[in-house]
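Worksheet for the structure shown next.
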Amino acid sequence: MADEVVLMSFWPSMFGNRVKIALALKGVEYEFKEENLRDKSPLLLEMNPINKKIPVLVHKGKPICESLLIVEYIDEVWNQKSPLLPTDPYQKSQAKFWADYIDKKFAATAKEIWSTNGEEQENAKKKFIDILKVLEGELGESPYFGGDQFGFVDVALIPFYSWFYAYETFGNFSIEEDCPKIVAWANKCMEIESVAQSLPDPKKVYEFVSVIKGWLGIK
Ligand SMILES: N[C@@H](CCC(=O)N[C@@H](CSO)C(=O)NCC(=O)O)C(=O)O
């Protein structure tokens, strides 16, 4: 079909699940192609020859790569409902700033929690909580980062929530203890059907991370 939509992703990916949430909020029908990242498909290498990563959205035969760019593309193409980015240029710039902050600061630090031990892990946990506290400050008293509406920054961050159980279990700490506002925000986001249906079971994510740690020889 001419305007067929295909999402190439991997079920636990917080980046790919951003796109799943955006497509669900917009009511877009699409084909989901699960990628085996240890044996990438020729289609993935063809559609994303530069980064060779998921997610990739293929729309009308053309690939869009990088999750935040894909979410912005979805927001612009299917603009009839559930706007994600503000129309005001300044507000839009601030939403993109915080989504970029999450990618640059939060994603890498979060990974260090399950992929390290000892002092390195303790440092990662502290950095992780510090970053979440900065995000709590940005959230303020609003229900969402988008204000009264679930928006772009919410889409960028909420997929990490399905990894919180893994971070807490491997890191032996409670995120809610230090960042109750972020956990309250996440639980509110999970009340949105398009969000809840797009994210994996946290226990499944924990089991998946246990398998990766085995592959990587991490205790
Ligand atoms: N900035 C990109 C990151 C995607 C990514 O890391 N994808 C991972 C899987 S999720 O951790 C990936 O495709 N890894 C395969 C590889 O690195 O070879 C985005 O936001 O889309």
Side-chain angles (χ1 to χ4, degrees), residues 7-21 34-41 44-45 48 50-56 65-71 98-136 138 145 153-183 185-187 189-190 195 198-219:
L7 171 60
M8 305 172 75
S9 190
F10 176 47
W11 67 270
S13 169
M14 56 286 279
F15 305 106
N17 290 331
R18 288 170 170 172
V19 179
K20 281 182 77 174
I21 290 170
E34 183 78 24
E35 273 296 320
N36 172 1
L37 298 179
R38 301 181 87 193
D39 180 19
K40 293 174 187 176
S41 70
L44 175 59
L45 301 177
N48 190 357
I50 306 303
N51 296 334
K52 303 182 178 64
K53 289 180 182 262
I54 57 95
V56 177
C65 305
E66 289 300 309
S67 60
L68 292 178
L69 299 180
I70 298 171
V71 170
W98 286 107
D100 182 59
Y101 174 82
I102 289 161
D103 268 12
K104 284 204 172 78
K105 301 268 184 182
F106 185 74
T109 302
K111 182 172 180 180
E112 282 174 25
I113 294 177
W114 62 260
S115 60
T116 66
N117 288 292
E119 195 180 334
E120 216 180 333
Q121 185 182 56
E122 288 310 308
N123 290 340
K125 285 158 60 179
K126 188 186 172 318
K127 252 174 30 183
F128 178 89
I129 293 297
D130 289 348
I131 292 166
L132 279 184
K133 284 187 179 305
V134 168
L135 289 167
E136 282 191 329
E138 170 55 20
F145 286 94
V153 180
D154 302 286
V155 173
L157 184 61
I158 193 61
F160 287 90
Y161 185 56
S162 43
W163 287 65
F164 275 23
Y165 176 75
Y167 300 148
E168 291 178 313
T169 309
F170 288 118
N172 190 28
F173 70 132
S174 158
I175 297 169
E176 185 162 26
E177 217 166 274
D178 290 306
C179 302
K181 280 175 71 174
I182 280 291
V183 173
W185 160 83
N187 288 323
C189 291
M190 293 302 283
V195 174
S198 302
L199 297 183
D201 178 331
K203 297 276 172 55
K204 255 190 88 181
V205 171
Y206 168 75
E207 284 157 18
F208 167 70
V209 177
S210 305
V211 170
I212 307 181
K213 283 166 71 87
W215 289 343
L216 299 174
I218 302 168
K219 284 199 318 300

Within a reach of under 6.0 Å around CG of L45, are more than 12 heavy atoms found that belong to other residues, nucleotides or ligands?
yes
Within the supplied structure, the quantity of interest is the number of heavy atoms (other residues, nucleotides, ligands) at a distance under 6.0 Å from K105 NZ; does it exceed 12? no
Here the pair of heavy atoms bringing M8 nearest to S41 is CE-OG, 4.0 Å
E34 side chain to W11 backbone, donor-acceptor under 3.5 Å = yes
Applying side-chain hydrogen bond (donor to acceptor under 3.5 Å, both in side chains) to E120 and not counting sequence neighbours gives none
Exercise. Do side-chain atoms of N17 reach the backbone of L199 as a donor and acceptor pair under 3.5 angstrom?
Worked result: no
OG of S67 to CD1 of I21, rounded to nearest 0.5 Å, is 11.0 Å
dist E138:CD -> I182:CD1 (nearest 0.5 Å) comes out at 10.0 Å
Exercise. Take E112 and N123 through the test side chain to side chain contact (heavy atoms under 4.5 Å, CB included) and record every step on the way to the result.
Key: CA-CA 9 Å; E112 282 174 25; N123 290 340; over 6 Å; no
In this structure, OG of S174 is separated from CD1 of I129 (nearest 0.5 Å) by 8.0 Å
Hits for side-chain contact (heavy atoms from CB on, under 4.5 Å) against N172, two or more places apart or cross-chain, chain-then-number order -> none
Applying side-chain hydrogen bond (donor to acceptor under 3.5 Å, both in side chains) to N117 and not counting sequence neighbours gives none
(Q) Would E66 and D103 count as a side chain to side chain contact (heavy atoms under 4.5 Å, CB included) here? Give the steps. (A) CA-CA 11 Å; E66 289 300 309; D103 268 12; 5.6 Å; no
Flag side-chain contact, heavy atom, 4.5 Å: Y167 against V209 | no
To the nearest 0.5 Å, atom CG of D100 lies from atom CG of L68 at 8.0 Å
With sequence neighbours left out, the residues meeting ring pair (Phe, Tyr, Trp, His ring centres under 6.0 Å) with F10 are F208
To the nearest 0.5 Å, atom NZ of K181 lies from atom CG of L132 at 12.5 Å
Sequence neighbours excluded, the answer for side-chain hydrogen bond (donor to acceptor under 3.5 Å, both in side chains) partners of K125 is E122
Check your understanding: Once the angle between the rings of Y161 and F164 is folded into 0 to 90°, is it parallel (under 30°), tilted (30 to 60°) or perpendicular (over 60°)?
Key -> perpendicular
More than 12 heavy atoms of other groups within 6.0 Å of K111 NZ: no
By ring pair (Phe, Tyr, Trp, His ring centres under 6.0 Å), Y206 pairs with (sequence neighbours left out) Y165, F170
Between V205 and P200, the two heavy atoms sitting closest are CG2-CG, 3.6 Å
To the nearest 0.5 Å, atom CG of L135 lies from atom CZ of F145 at 5.0 Å
Report the C-alpha separation of T169 and W114 in whole Å, then their side-chain angles, then the decisive distance to 0.1 Å, and conclude whether the side chain to side chain contact (heavy atoms under 4.5 Å, CB included) test is met.
CA-CA 9 Å; T169 309; W114 62 260; over 6 Å; no
Heavy-atom count around K133 NZ within 6.0 Å, excluding the residue itself: above 12?
yes
*Close side-chain approach of E136 to P180, heavy-atom, < 4.5 Å*: yes
ask   = Where the side chain of K52 meets the backbone of L44, is there a donor-acceptor pair that is under 3.5 Å apart?
value = no
Mind checking whether L157 and W98 have side chains closer than 4.5 Å, heavy atoms only?
-> no
